[in-house]
Peer 1: 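Got a structure for you, questions after.
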Amino acid sequence: MADDTDFVALYDELGLDAECSMADFKQAYRRRVAKLHPDLAGNPSDISRLQRLNRLYAAALDFEQVHGRLPGASRASRGQAHTS
């Protein structure tokens, strides 16, 4: 799997799963960036992790634009009721 499409690693980094809401996804991303960014609170050695996080986040947003859901999420998770 390409490094910029390892969405499992992205969710692990953010502490989320694929069924999270877009708002939760964006909020978790911003919090993680704040911890990794060297100008905010991070260590300069975290730059490669931050760059990877940014690539994965951009790829996930592109996927969401095309498919209307986050990568790995079920089709019904975007505001639709789950039926059993």
Peer 1: So, taking the atom named OG1 in T5 and the one named CG in L56, what distance separates them when rounded to the nearest 0.5 Å?
Peer 2: 8.0 Å

Peer 1: Between atom OG of S21 and atom NZ of K26, what is the distance when rounded to the nearest 0.5 Å?
Peer 2: 10.5 Å

Peer 1: What's the spacing between L40 CG and D46 CG if we round to 0.5 Å?
Peer 2: 12.0 Å

Peer 1: Are L16 and F7 connected in the hydrophobic side-chain network, where two residues link if heavy atoms are under 4.5 Å apart?
Peer 2: yes

Peer 1: Can L70 be reached from L61 by stepping across I, L, V, M, F, W or Y side chains whose heavy atoms are under 4.5 Å apart?
Peer 2: yes

Peer 1: Taking all non-hydrogen atoms of both residues, which atom of R52 and which atom of A9 are closest, and how far apart?
Peer 2: NH2-CB, 3.6 Å

Peer 1: Nearest 0.5 Å, what's the CG-CG distance between D12 and D6?
Peer 2: 8.5 Å

Peer 1: How far does CZ of R32 sit from CG of L50, to the nearest 0.5 angstrom?
Peer 2: 9.5 Å

Peer 1: Of all residues at least two apart in sequence or in a different chain, which pass the salt bridge (Lys or Arg N to Asp or Glu O under 4.0 Å) check with R49?
Peer 2: E13

Peer 1: Please report the shortest heavy-atom distance between G72 and A18, naming the atom on each side.
Peer 2: C-CB, 3.4 Å

Peer 1: Among the clusters formed by ILVMFWY side chains lying less than 4.5 Å apart, do L14 and F63 turn up in the same one?
Peer 2: no

Peer 1: Quick check: closest heavy atoms across H37 and D39, and the distance to 0.1 Å?
Peer 2: ND1-N, 3.0 Å

Peer 1: side-chain contact (heavy atoms from CB on, under 4.5 Å) between F25 and L10: does it pass, once the steps are laid out?
Peer 2: CA-CA 10 Å; F25 181 71; L10 174 63; 3.7 Å; yes

